[in-house]
Each structure stands twice: as C-alpha cells, then as structure tokens.
Amino acid sequence: MLDIQFIRENAELVQEKSAQKGYKVDIAQLLELDTERRTRLTQIEELRARRNTLSAEMKGQKPSDEQLAVGKQLKEELAAREEELKVIEEKYTAQLHAVPNMPLEDVPVGATEDENVVAKTVGEPTQFDFTPLHDYQLGAEDALDLIDKERAAKIAGSRFAYLKGGLVRMQFAIVQFAMDTLGNEEILQKLINENGLTIPAKPFVPIIPPAVLRTEPYVASARLNAEEVTYKIEQDDLWLNASAEHTLCTMYWNEILPEDMLPVRYIGYSTSFRREAGTYGKDMEGIFRMHQFDKLEMEVISTGETGLQEHKLLVAIQEYLVAQLGLPYRLINKCTADIGKPNASGFDIDCWFPGQGNYRETHTADYMTDYQTRDLKIRTRRSRTGEVELTHTNDATCFALGRTLKAILENCQTKDGHVTVPEVLRPYMGGRETI
RNA sequence: GGAGAGGUGGCCGAGUGGUUGAAGGCGCACGACUCGAAAUCGUGUGUAGGGUCAAACCUAUCGAGGGUUCGAAUCCCUCCCUCUCCGCCA
C-alpha cells in the first residue's frame, strides 16, 4: 500500500496517477475517512489514558465503589467508541489498499497495453526457407516426442503436459546456465558498468522456496489474485504459488534487516501454478500458457536509493540471458495501464515465436518501490544512524522455462524437424548439439 | 495420525491479575579510564500510531484473534506456529 502521509500531501497527484493506471479510487473520500479515523482514535486514546491512570491509582489497595463505577463507565464508553472506529477503519483500510503504486516519471502514460512502448528490438525475426512448425508439432509423439498434453489431460486436465526427453534435459541446462551466469561477479560487473550503475556486483543466491504459502503473507505481498490466478488448498489454508516471487518477497515478512545485508539478491527456482481463469480458449496449443510451469525468478530487496538501479540491472540481466540463447526479442517499456497495481515501473521482454509469427511475453521485470514492503513490514536498519526504513523490492523473470523452451524449439528448428541446441547450453547437456 | 512441551525485546531469559514496555544477562551505541586496545565503570538502547518546529507527552504491542475483569504478558476460548517422542513416508 501507499503511505497515507504521502497521499495526504499529494492528494491530487495520487488521484491523477491512479487514474492513469486505470484504477478508480476516490482520494477525497479516503482522506475524509482518514480524518475521521484519527479523530476517533484520539478520543479512544484519551479514554484509554484515563483508564490507565485509574488503574494505577487502584494498585495495591482495595478499589472504592466510586472508582469501580468510573471504571465501568469508561469501559462501556470505550467499547462503543471502539466499535465505531472498527467500522471506519475497515472502510479506510479497504480504500487505502485500493490505491495503486505511483508510476515513475518515465513510465509511458497509456490506457491499454496497446500503448506500451517498444524500447528496443534486438535481432531479426528468425528466417526459414521452410514453413516453421509450432512447439506442439515439433514435440509430437510421432516427431521428436517431447510434449504429451493428451495424456496429461487424461490425468490432470487441460493446460498440463508431460515434458519428455531432450526437452527436460534442456530445461535443466537452462537452469544451470542461468545460475552460473547470476553467480558470476565478472558478468554482473560488466552489466553494471555498461548501464552506468553504481551498485555492487554481489552474486545472486540460488533458492528453492516453498511452493505454497499461507493467506496472511500472501495478502500482505499484494500479489494474491484469488479469482483468476491462484489455486487454493482449502483444507490447509494454503495457496499454490503462482511464481517463486511470492514466496521470495514474503521471506523476510515482519523483519528488520541490517543495512549491510542489502542488497539481498536471490534467484529462486519453483514450479508455479496458475488457474488461468478467463483465458479459456486462449493459447490452447503447445506449452505457452499452462496451469503448471517451472520458473526461475530473480528477487531483490534493497534500499530506497538503489532500488531503481537494481531494476535496471535486472532488465540488463534478462536481456543478456536471452541474447546468450540467441533469441530475437524486443524490450517493452510497459505503460501505466499495464504495469500492475503494486508496480512503479515494469518492463517486459517479448521473444519471437516463429510458430505464431509473433513476439510474445517471456519476461517481466517489476519495481515496487516500498509499496509492497509497507504491508510486508520488511525494513532495514541503517548502519550509521540506526534508523529504520522500508526496503524496496524488485522482481524479474529469469526464465519462465516453458515459454523459453518453446522459443528455443521454434527459433532453433531445422528443416529436417530437429532442434539445434543453443551453444551456451551444450556444456550442460553432455555436449549434445541437437534434440 | 497419536502423545507431550512451548511461543516474552536484536539474542538468551525472569515474570501467573495492578507504576511490567516488561527484572537480569548478552549484544550494540556513546562516554570515562588508556599512547592505543582489552578488561572495567557509567549512560543509553524495541516497533508502530498520534502529538510537537523539535521535544515533552499519550496510545498500542509479550504468536494471532476473541472473551472475563475497574484493570490481562499473566485467567478462559479458538486458531497459527515451533520443538520432542511414536506411527507413516519421498
């Protein structure tokens, strides 16, 4: 959520920026509730103070009837006022949480995703002297035998797959390649220098997080999308994570981290689950949009001064990794309507998919400033002053493995129906050059 | 799944109805001593909300929520979590 102090001091701006992001909020009404809430709170605190004073007077002696009577009266009045406050506070909290994060200055203003800005295009759409196939054609049982969705549907329903053989080898090769890259300080330093950044080249620590999380931290992370995205295990009050981000950004929930621990840089590997409600009939072919997919996700927790630089580093890493695989892509600076409620800035990488003849999203990088950590209460204690401040968070796809595999299959296919393994992956696949 | 123990500040650990936001210790910060350091001594040291130019000050907070009471870390209820033993099991 946003800082209420900030909203008080920048009401018009918040109203305007919220509208730019497509969120209907009534800031004037929120501020009214805020005023009312504080008025009630002051009243209640005065009553409590009187109760505490009275209680101290009574200590060590038998209370008089008069004191008891005053106490009882205070009790009743408090109960009534607290009930009133509760009603106001519920409305206030709901409205406060409805306010989206403010977009950064250089986020393009737009009403729909059509107004996203292509920041750059790298590589040309792959050319073939034959008609390129889709992933499901290349991976069919009578072709390379890599993808079996029919039998998966029999067992688990639609949007599930058995991935097989060389495709599985390739998935783990990508994982190893990515972890090697993100653990390599020389590469990080090079990317930092190239982008004029001044943050340290601290390597990313690989993490395998839990794939499930409880309601309370999930809500606090501002990432729970119960209706459309997230699977619930009702019996145990657990949700299947839709991304490792969700179990990574909540990891330090309710903690104060020493400043010298920052930045925290993690690369998390997790199977992710998405209900994909509302996408029926969309992307049904192949492994582009699945209920279950494995993903490598980068997560950074840093100070307010360095959060934006971390964001830029994450985008640079994404570009580097995609380029290393030789995939044509374009970098998208997402407009205000498309960056998402908790995000202040968001970039996507869309890779070229020859089967569809189109660029499709494979990566996203989000910068949340302190919007997420205000609820999660992830703070840092400054080394010099001892002061406590909210941290900033970033998340970014390292590789969404399903879509990456699909992109490689389609871009690296040969006329004879095979797939050339990108060179950087070969050392992790026993030197294999094709699948 | 069965049986038991327990959740208190950055950490350890007292505390079973009334100056307990919480003893004591560790850690940390500052100061004294020292050429400097260690040791020692002194002072300070949670978080959040309100309030103030800043303070003072007020309120909340002892896993979470609810209840009893004039008053709850302390009593009652529900839930969550951790640990130990048994069972099962990758």
Side-chain angles (χ1 to χ4, degrees), chain A residues 1-9 30-93 95-97 208-221 224 232-239 247 250-262 264 269-271 301 370-391:
Chain A
M1 62 177 166
L2 228 48
D3 181 10
I4 185 64
Q5 188 100 28
F6 177 84
I7 300 176
R8 280 180 211 140
E9 290 163 7
L30 171 63
L31 291 179
E32 258 177 56
L33 283 167
D34 174 47
T35 305
E36 206 173 337
R37 173 185 140 264
R38 282 192 292 164
T39 309
R40 304 290 170 125
L41 201 57
T42 307
Q43 289 173 0
I44 286 170
E45 286 181 354
E46 275 168 19
L47 288 169
R48 283 178 182 160
R50 280 165 62 191
R51 181 190 63 188
N52 290 346
T53 310
L54 184 70
S55 180
E57 282 170 15
M58 285 190 220
K59 201 207 163 182
Q61 50 182 304
K62 210 176 170 193
S64 70
D65 289 347
E66 197 188 334
Q67 285 175 318
L68 285 178
V70 173
K72 278 184 183 171
Q73 200 192 328
L74 281 173
K75 182 186 179 178
E76 279 166 26
E77 185 152 2
L78 257 177
R81 294 279 164 276
E82 279 169 351
E83 191 55 41
E84 289 167 12
L85 178 67
K86 198 178 155 192
V87 174
I88 294 163
E89 206 137 56
E90 269 170 24
K91 284 189 207 159
Y92 164 80
T93 306
Q95 292 204 18
L96 179 59
H97 283 261
I208 298 178
V212 298
L213 63 166
R214 298 191 291 117
T215 302
E216 200 185 346
Y218 216 158
V219 168
S221 75
L224 178 59
K232 176 84 186 281
I233 305 173
E234 202 62 56
Q235 196 179 2
D236 295 299
D237 181 36
L238 288 172
W239 303 80
T247 35
T250 46
M251 189 171 165
Y252 293 104
W253 184 38
N254 283 328
E255 291 191 37
I256 299 173
L257 310 175
E259 186 179 358
D260 60 16
M261 185 177 157
L262 304 179
V264 169
Y269 177 86
S270 172
T271 301
I301 303 173
D370 59 7
Y371 187 91
Q372 201 175 37
T373 52
R374 185 167 289 105
D375 260 333
L376 283 170
K377 299 188 176 69
I378 302 174
R379 294 150 293 172
T380 183
R381 187 182 304 282
R382 295 291 187 173
S383 306
R384 277 185 57 202
T385 61
E387 279 175 39
V388 173
E389 283 173 30
L390 289 170
T391 56

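So you know, we letter chains A, B, ... as the sequences are listed, proteins then strands, and number each from 1.
One interatomic measurement links the two molecules: NZ of K377(A) to C1' of G10(B), which rounds to 19 Å at whole-angstrom precision. Atom CZ in R37(A) sits about 14 Å away from atom C1' in G51(B), given to the nearest Å. Rounded to whole Å, the distance from CD on E389(A) to C1' on U47(B) is 15 Å. Atoms CG (D3(A)) and C1' (A48(B)) sit 13 Å apart, rounded to a whole Å. Rounded to a whole Å, the CZ atom of R382(A) is 18 Å from the C1' atom of A29(B). I378(A) has its CD1 atom 14 Å from the P atom of A48(B), to the nearest Å. Rounded to an integer number of Å, the gap from CD1 of I256(A) to C1' of C28(B) is 14 Å. The nearest whole Å value for the distance from the CG atom in D375(A) to the P atom in U47(B) is 20 Å.
Taking every heavy atom of residues 68-82 of chain A and every atom of RNA chain B, pairs under 4.0 Å involve L68(A), G71(A), K72(A), K75(A), by number. For the contact set between residues 213-220 of chain A and RNA chain B, defined by any heavy atom under 4.0 Å, the members are R214(A).
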Q. Please walk me through it: do E84(A) and R81(A) pass salt bridge (Lys or Arg N to Asp or Glu O under 4.0 Å)?
A. CA-CA 5 Å; E84(A) 289 167 12; R81(A) 294 279 164 276; 3.1 Å; yes
Q: Carefully, step by step, assess L30(A) and D34(A) under the rule side-chain contact (heavy atoms from CB on, under 4.5 Å).
A: CA-CA 6 Å; L30(A) 171 63; D34(A) 174 47; 5.6 Å; no
Q: For E82(A) and R48(A), run salt bridge (Lys or Arg N to Asp or Glu O under 4.0 Å): C-alpha distance rounded to whole Å, both residues' side-chain angles, the deciding distance at 0.1 Å, then the answer.
A: CA-CA 11 Å; E82(A) 279 169 351; R48(A) 283 178 182 160; 3.0 Å; yes
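For the C1' atoms, the distance linking A90(B) with G4(B) amounts to 27 Å, nearest Å. Atom C1' of G9(B) sits at a distance of 36 Å from the matching atom of G2(B), rounded to the whole Å. G51(B) and G36(B): their P atoms are spaced 48 Å apart (whole Å). Rounded to whole Å, the separation between the C1' atoms of A55(B) and A64(B) comes to 35 Å. The separation of C70(B) from G31(B), taken at their C1' atoms, amounts to 46 Å, rounded to a whole angstrom. Of the C1' atoms belonging to G27(B) and C80(B), the separation is 30 Å, rounded to the nearest Å. Comparing the P positions of G13(B) and G17(B) gives an interatomic distance of 23 Å, to the nearest angstrom. For C12(B) and A60(B), the C1' atoms lie 26 Å apart once the distance is rounded to whole Å.
Taking 4.5 Å as the limit, some side-chain heavy atom of L257(A) sits within range of a side-chain heavy atom of L262(A). Taking 4.5 Å as the limit, some side-chain heavy atom of L2(A) sits within range of a side-chain heavy atom of Y371(A). For the pair E216(A) and W253(A), the minimum side-chain heavy-atom distance is below 4.5 Å. Side-chain contact check for M261(A) versus Y252(A): some heavy-atom pair is nearer than 4.5 Å.
E389(A) places no side-chain N or O within donor-acceptor distance of the main-chain N or O of T380(A), the cut-off being under 3.5 Å. The closest donor-acceptor contact from the side chain of S55(A) to the backbone of R51(A) lies at 3.5 Å or more, if one exists at all. Side chain of T373(A) to backbone of T391(A): a donor-acceptor contact under 3.5 angstrom is found. Side-chain N or O atoms of S270(A) include none that pairs as donor or acceptor with a backbone N or O of P209(A) at under 3.5 Å. A donor-acceptor pair under 3.5 Å links the side-chain atoms of T247(A) to the main chain of P210(A), judged by distance alone.
For residues 68-80 of chain A, no pair satisfies side chain to side chain donor-acceptor pair (under 3.5 Å), with sequence neighbours left out. Applying the salt bridge (charged side-chain N to carboxylate O under 4.0 Å, His left out) test to residues at least two apart or on different chains, the pairs with a partner in residues 252-261 of chain A are E259(A)-R382(A).
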Could you pull out the protein-nucleic contacts involving nucleotides 55-60 of chain B (nitrogen or oxygen on both sides, under 3.5 Å)?
{"from": "U59(B)", "atom 1": "OP1", "to": "N52(A)", "atom 2": "ND2", "distance (Å)": "3.1"}
{"from": "U59(B)", "atom 1": "O2'", "to": "R48(A)", "atom 2": "NH1", "distance (Å)": "3.2"}
{"from": "A60(B)", "atom 1": "OP1", "to": "R51(A)", "atom 2": "NH2", "distance (Å)": "3.0"}
{"from": "A60(B)", "atom 1": "OP2", "to": "N52(A)", "atom 2": "ND2", "distance (Å)": "3.3"}

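The only option from R374(A), E9(A), R8(A) that meets the side-chain contact (heavy atoms from CB on, under 4.5 Å) definition with D3(A) turns out to be R374(A).
Scanning RNA chain B for stems, defined as runs of 3 or more consecutive Watson-Crick or G-U wobble pairs whose donor-acceptor distances all fall under 3.5 Å, gives the following ranges: B:1-7 with B:80-86, B:10-12 with B:24-26, B:27-32 with B:40-45, B:46-50 with B:57-61, B:63-67 with B:75-79.
Mapping V388(A) and A56(A) onto RNA chain B via the closest heavy atom, the residue that lands nearer the 5' end is A56(A). Of the residues near RNA chain B, L54(A) and R38(A), the one whose nearest nucleotide (by heavy atom distance) lies more toward the 5' end is R38(A).
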